[in-house]
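Just so it is clear: chains get the letters A, B, ... in the order the sequence lines come, proteins before strands, and each one is counted from 1.
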Amino acid sequence: MTTILIVEDNEMNRDMLSRRLARRGYEVVIAVDGETGIEAARTSAPDLILMDMSLPVMDGWEATRRMKADETLRGIPVIALTAHAMARDRDKALEAGCDDYDTKPIELPRLLAKIETLLAAGGAS
Amino acid sequence: MSEQSEAAVLPATPVVAELQNFAQDVFDTVREPLLVLDAALRVRTANRAFYQTFLVSPDETENQLVYELGNGQWDIPDLRTLLEDIVPMSSVFNDFQLEHDFPGIGRRVMLLNARKVRPGSHAELLVLAMEDVTERRRAEGEVAKAKEAAEAANRTKSLFLANMSHELRTPLNAIVGYSEMLQEEAAERGLPDFNADLQKISTAGKHLLGLINDILDLSKIEAGKMELRLESFDVASLIAEVASTIEMQVAKNGNTLEIVCGADIGVMRGDLGKVRQGLFNLVSNAAKFTHDGQVRVEAERQAMDGGDWIVFRVSDTGIGLSATQVVRLFQPFTQADASTTRKFGGTGLGLALTRRFCQMMSGDVTVHSVPGEGSVFTIKLPATLSEPAAEPPELVDDGRRMPVAAFIPPAPGDMAMPAPHTCVLVIDDDPLQRDLMQRHLRKEGYTVRTADGGVEGLRLAGQLLPAAITLDVMMPDMDGWSVLAALKSDLALREVPVIMLTMVDDPVRGFTLGASDYATKPVDRRRLSQILKKYTCIDPPCPVLVVDDDPSARSLTRSMLEREGWAVSEAGNGLEALESMERERPRLIFLDLMMPEMDGFAFAAEVGRHPEWRSIPIVVLTAQDITSEDRSRLNGHVETILRKHGDSEESMLAHVRDLLAGSHAARVPEHVENSAP
């Protein structure tokens, strides 16, 4: 079973995304801020992380930077999700180490394509 | 009073008296208050402006100690400092600011100028001029305050817009998302009745989102923060795409859509997103304001003002516009008239945005309309928009200047047919290296164009469509990897062979990585087949070598290649790859850069050293969107490797020769056989 970790502070977004992914057969784990996100990544070893960028406690950029600096976590692909449709935010996310990027509101087919591409690239194992 | 009378006495001859009167008249004419003091700081005389400004009479003033004037009003510490400490040190003093609250006349700000004069043989006098700047200072203060307030308001506005967009998008997120979820669920549970209504909710949500984006775009343009992303794209496919998106909307009002676009219109270079959005706005307006009529979209290439232009024309048979409406049409937040908003909806931002976008791309949008008969909107854009470079193109080779819009449209079906086949573009920030390369290449019979940085290089590449590009890895404005990525993502340029170069120890230059192509990982199927199309295998299955340390990435690439009919060998690092090549010479190499044992750079350098391997095209695989950190790591890497394996100009020239020879004379089988060890 493929596990996806969703790190998102907005309850509705979390609920929607997790239900829609679950319906497509993914196991979903959730976290509500950057810090618990890192913890969840450690304990549940997801195959992929969907990371909101504007998070409380520790933002998504910082959380991603920390995970990418961590030997055990850096292999997990991270897709940045943010509401800011600006090139700068995209670059900032990629600089922090995110493997891909998507803009909210989520367009599920587009996000799914990105998820599947990343899983196919790294997760043949 | 003896000293005072001594100083005051002047022989009263008629001439002197006349001069004194004349001096006093001049004095009184000056609008600044003036005081003449003697060495003991007693007032010798003052002018009319002084008496009027400070509401004192000559009797109260003359012969008084300056500090005692107006019952001690003038005993000002700052004035004491000026007169007792500063003035004695110099003969002239300018712009000493004195601020004082005079009981009779209120607060005054004055700029004092002092000058020592010695009339004839008499004792030294001090002329003190007082410029009243009270009003000016007050006005300056107000201007500064107003400016600060305006800036604060503007910051607040930007912040407000940013926050608003976030705050608006979040609930929209929920509206669009949940309505789509419910649609999915309704479909699953077999409840088709709900579908239409749910569809309306999600469509309305998406519409609202579009409006928010328009407002944001406009505020970004106004803040000067809107940037252009230039790329080359096929005009006919753009028109087709816009038409298919808008078809439904056009049909809704009973209109027919007609497209007139020659297949030979070719490629244009501009900001695809903005051209699309502008075109979409025009067609969508035409559809909105026309009922049971026709909407017609035309595109053509026109030569004007010494350049090529792409002209889009959107005409309709709708309600049309009056002359007054036309005037206001492109202003933000105004529609043809207020009732339009009620009747047709919309923010009135679409046309304003379209005009701003066109102007950003050195073009414009215009309208011609007859009320009741319809409107024709025309977008004119340069066929090849160059990067907003600060300087005009500087082409070093023969002093001739290419016209800016010298875009040579590629023949259909052959996207990147290089214009003059022997033109090589050299991109390097070092003038010495550029000169050197130019001389070497010219001796070989190539025409050479040079660019001193990545931005300029990309601009020239777009203009010239060179047969090959040599690219320096380390450049200050934009490093070679970014330039390579930009070149390879450009439809018109991706087929141009690129030779990456980098510096070993000046002045010896090392050349490495004859990257013929470039793909980002994970490899996209479409991109891969595009690459493979260039290296057609004449006698399948042809051998291809995949060099990557990641087994899963390797097997992914393998399966894609096998599906295309290639015989795949794999290697986990550069050393293994070299061994594999000894056994069988591949027709094509896919190369990951970061690998243990021997990485991609060292491997590419090694391949370049073997004359019989040099012409094998190498497709470099790199992680998707290399970060700047990765890039600097890669660059550092290249440098170290090159210290070990510095190559010569000769090897670089051989690279160019082989690449160009290879790209014309198709890779013939004997080529493969010859070089098999």
Side-chain angles (χ1 to χ4, degrees), chain A residues 8-24 52-54 64-65 68-69 75 77 79-101 103-109 111 113-125, chain B residues 162-185 187-188 202 205-206 208-209 212-213 216-217 220 225-229 273 520-525 548 550-560 621 623-631:
Chain A
E8 162 72 82
D9 63 324
N10 181 292
E11 199 192 325
M12 282 201 283
N13 286 340
R14 221 164 44 218
D15 174 49
M16 268 189 302
L17 203 49
S18 55
R19 280 164 61 189
R20 296 177 87 181
L21 289 174
R23 188 180 300 151
R24 277 165 179 80
D52 182 30
M53 288 288 119
S54 328
T64 306
R65 254 191 297 278
K68 291 300 177 184
I79 299 180
L81 299 179
T82 146
H84 311 265
M86 294 199 181
R88 209 168 357 119
D89 288 302
R90 185 193 125 97
D91 294 344
K92 237 172 99 188
L94 295 177
E95 252 165 55
C98 292
D99 300 83
D100 207 340
Y101 169 97
T103 323
K104 291 199 277 189
I106 299 296
E107 274 183 36
L108 199 64
L111 179 64
K114 290 182 179 184
I115 291 175
E116 277 155 21
T117 308
L118 279 174
L119 288 175
S125 50
Chain B
N163 287 344
M164 270 283 279
S165 82
H166 183 76
E167 296 305 320
L168 290 173
R169 279 164 200 257
T170 306
L172 266 178
N173 225 357
I175 293 171
V176 173
Y178 278 104
S179 58
E180 279 175 6
M181 258 176 70
L182 285 173
Q183 267 179 283
E184 287 165 17
E185 250 178 82
E188 256 172 42
S202 93
K206 282 179 182 164
L208 191 50
L209 191 71
I212 292 169
N213 288 340
L216 266 182
D217 276 353
K220 253 199 265 179
K225 288 198 176 123
M226 182 62 86
E227 283 165 11
L228 289 178
R229 291 189 170 184
T520 54
K521 292 203 294 188
V523 182
D524 173 62
R525 276 282 312 279
D548 197 324
D550 176 359
S552 61
R554 239 169 28 224
S555 68
L556 196 75
T557 313
R558 168 193 275 274
S559 67
M560 290 187 199
L621 301 169
Q624 189 169 28
D625 286 313
I626 318 173
T627 66
S628 54
E629 195 186 332
D630 277 343
R631 243 184 248 131

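- What you find for R23(A) and E184(B) is that their closest heavy atoms are NH1-OE1, 2.7 Å.
- When every heavy atom of M16(A) is checked against every heavy atom of A174(B), the shortest pair comes out as CE-CA, 3.7 Å.
- Shown here for R19(A) and Y178(B), the closest heavy-atom pair between the two residues is NH1-CE2, 4.0 Å.
- Of the atoms belonging to E185(B), heavy atoms from both backbone and side chain fall under 4.5 Å from chain A.
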